[in-house]
Amino acid sequence: MQFSDTFSFQSLHDELSSQGILILRNTQLRERNSLGFAATAELSCVIRSAEQIPPLMSAVLSAGMPWRVLGGGSNVVLPAHLPGMTLLMEIGGQAIISNDQAATHIRVGAGVNWHELVAWSLAQGLPGLENLALIPGTTGAAPIQNIGAYGVEVSDLIQSITAFDCTAQAFVEMTPDACQFAYRDSIFKRQPQRYIISAVAFSLPKNWVPQLQYADLTNFFSAPKNLPSPTTIFDAVCTIRQKKLPDPKVIGNVGSFFKNPSVSQIQLAQLLNTFPRMITYPQGNGSHKLAAGWLIDQCGFKGAQRGAVGVYEKQALVLINLGKGTATELLALASEIQAAVQDRFGVLLEIEPVRM
Ligand code: EPU
């Protein structure tokens, strides 16, 4: 059902435009999702300041229409039609807000491009985010999936999050504990209809220590003469990522399409018995992560094509749009991969991006 079937676009437009909020109809989102899928938002609103959110959401919630937030669109699978309201998050601005002996605190608008923020923080002489270089998307989206790469998760550096709570219809300041961060997970991912993140505050510690324990970085910096600087690590991460992962501007993708699954000690022992070369990472809590890319690769999917979608030839964890792909085709390929991995290894792969 089209939302506008049951509600007058004109009355919503009139109510909000008197408050300086512009509602658009039938916005094409192909340029706003890194898979490059054609998708039309029935209604949309570009959010450039936090003040727009309460009146907009008051109207959206009281009309009972479906809604969602789109940031950089780099971790979403969009259907062809998005009913109701799509908030296009573009709140900008980043600033150092305070300094104490232990850390520098910065506050960043939800719409700021993540990689540009990482580069800006290093240019200010503030290390800490360098392992997370070149991750596509926006700063407001980073805590939702708790982005992580090369041994660092964004939750390690978050001080607080400002979000509009749609239940209370008020802004709240959330501590990291309240965000319930876990591997590629948070309260924002589990309760997508509750919070709209408007700003993120980071605490960048002054006693910076390079994080080089991840195998790719350890190998890159094998036998260094001096400890690498934050910018050297930033450059290394960019080089490694560019080698392994497709540039979404060239080949549509959302990075890892599945989470690395976790298994118990007993399951691991059984798996290693049959598959002694399986790649595993101990979690320190008795469980072990498996490399989903390796599992998919072993099932022969690297470089596979199904119609206009496929599996990236250099990294089996990345599904790609070959041109005119759709969410339906991509999710069918994902199901085929899940079934093959389940059949061969008895492990369920969980889809990582958000299906809207
Ligand atoms: N592997 C294969 N075949 C493949 C892919 C991987 O054998 O086709 C093996 C690799 O050789 C390696 C292991 O599997 O030994 C793990 O691969 P990799 O180091 O590339 O890391 P990953 O587990 O595939 C994770 C994150 C990435 C992140 C990298 C680096 C998840 C789901 N993915 O990938 O995150 O950049 O580590 O830290 O946790 C993302 O979330 O979009 C993303 C790219």
Side-chain angles (χ1 to χ4, degrees), residues 33-35 71-77 114-115 118 129-138 141-156 181-186 189 211-220 233-234 236-248 251-263 271 275-283 287-304 310-320 330 333-334 337-338 340-341 344-345 347-354:
N33 76 99
S34 65
L35 273 164
S74 58
N75 201 43
V76 294
V77 181
W114 175 260
H115 178 70
V118 176
L129 300 176
E130 58 283 346
N131 289 45
L132 303 176
L134 222 56
I135 295 181
T138 52
I144 298 175
Q145 62 155 153
N146 187 16
I147 59 169
Y150 307 104
V152 174
E153 284 186 341
V154 73
S155 55
D156 300 339
F181 289 121
Y183 166 65
R184 294 291 190 277
D185 201 20
S186 71
K189 195 158 179 188
Q211 303 292 331
L212 304 175
Q213 67 276 24
Y214 196 86
D216 282 343
L217 280 180
T218 313
N219 297 339
F220 195 95
I233 297 172
F234 173 90
V237 169
C238 291
T239 305
I240 295 166
R241 286 188 75 94
Q242 277 161 344
K243 259 193 217 145
K244 283 197 161 184
L245 298 166
D247 177 353
I251 301 174
N253 77 92
V254 282
S256 304
F257 203 83
F258 301 97
K259 291 185 186 182
N260 284 334
S262 202
V263 294
L271 282 165
F275 308 101
R277 293 175 55 224
M278 178 174 272
I279 295 167
T280 70
Y281 313 97
Q283 295 304 292
S287 71
H288 298 258
K289 261 200 212 136
L290 309 179
W294 186 87
L295 300 174
I296 300 166
D297 196 356
Q298 293 298 305
C299 292
F301 281 102
K302 215 182 230 177
V311 178
Y312 190 51
E313 60 192 0
K314 294 187 207 155
Q315 162 59 290
L317 196 45
V318 178
L319 303 193
I320 56 176
L330 195 74
L333 172 57
I337 291 171
Q338 283 171 316
V341 168
R344 176 130 189 227
F345 299 103
V347 173
L348 177 67
L349 291 184
E350 196 185 327
I351 290 181
E352 205 281 310
V354 174

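Here the structure is a predicted model, which means the values were calculated and not measured. Both ligands and their constituent atoms are indexed starting at 1 by order of listing.
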[X] contact mode with ligand 1 (heavy-atom cut-off under 4.0 Å):
{"X": "F258", "result": "backbone"}
{"X": "Y281", "result": "side chain"}
{"X": "K314", "result": "neither"}
{"X": "A291", "result": "side chain"}

For [atom], what is the nearest protein heavy atom, given as residue, atom name and distance?
{"atom": "atom 1 (N) of ligand 1", "result": "W294 N, 3.8 Å"}
{"atom": "atom 10 (C) of ligand 1", "result": "I279 CD1, 4.3 Å"}
{"atom": "atom 23 (O) of ligand 1", "result": "N260 ND2, 2.9 Å"}
{"atom": "atom 33 (N) of ligand 1", "result": "S256 OG, 2.9 Å"}

For ligand 1, is there an N or O atom under 3.5 Å from any N or O atom of [X]?
{"X": "Y214", "result": "yes"}
{"X": "L317", "result": "no"}
{"X": "Q315", "result": "yes"}

Can you tell me if [X] contacts ligand 1 (heavy atom of the residue under 4.0 Å from the ligand)?
{"X": "K244", "value": "yes"}
{"X": "R184", "value": "yes"}
{"X": "R241", "value": "yes"}

Identify, by atom number and element, the atoms of ligand 1 in contact range of Y183, meaning under 4.0 Å from any of its heavy atoms.
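Atoms satisfying the 4.0 Å criterion: 31 (C), 32 (C), 39 (O).
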
Please list, in number order, the atoms of ligand 1 under 4.0 Å from a heavy atom of G255.
42 (O)

Per the side-chain hydrogen bond (donor to acceptor under 3.5 Å, both in side chains) rule, what does the pair list look like for residues 310-320, sequence neighbours excluded?
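Applying side-chain hydrogen bond (donor to acceptor under 3.5 Å, both in side chains) to every pair that reaches into residues 310-320, excluding sequence neighbours, yields nothing.
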
For residues 291-302, run the donor-acceptor check on the side chains, cut-off 3.5 Å, and write out each pair with its distance to 0.1 Å, sequence neighbours left out.
| unit_1 | atom_1 | unit_2 | atom_2 | d |
| --- | --- | --- | --- | --- |
| D297 | OD2 | K302 | NZ | 3.2 |

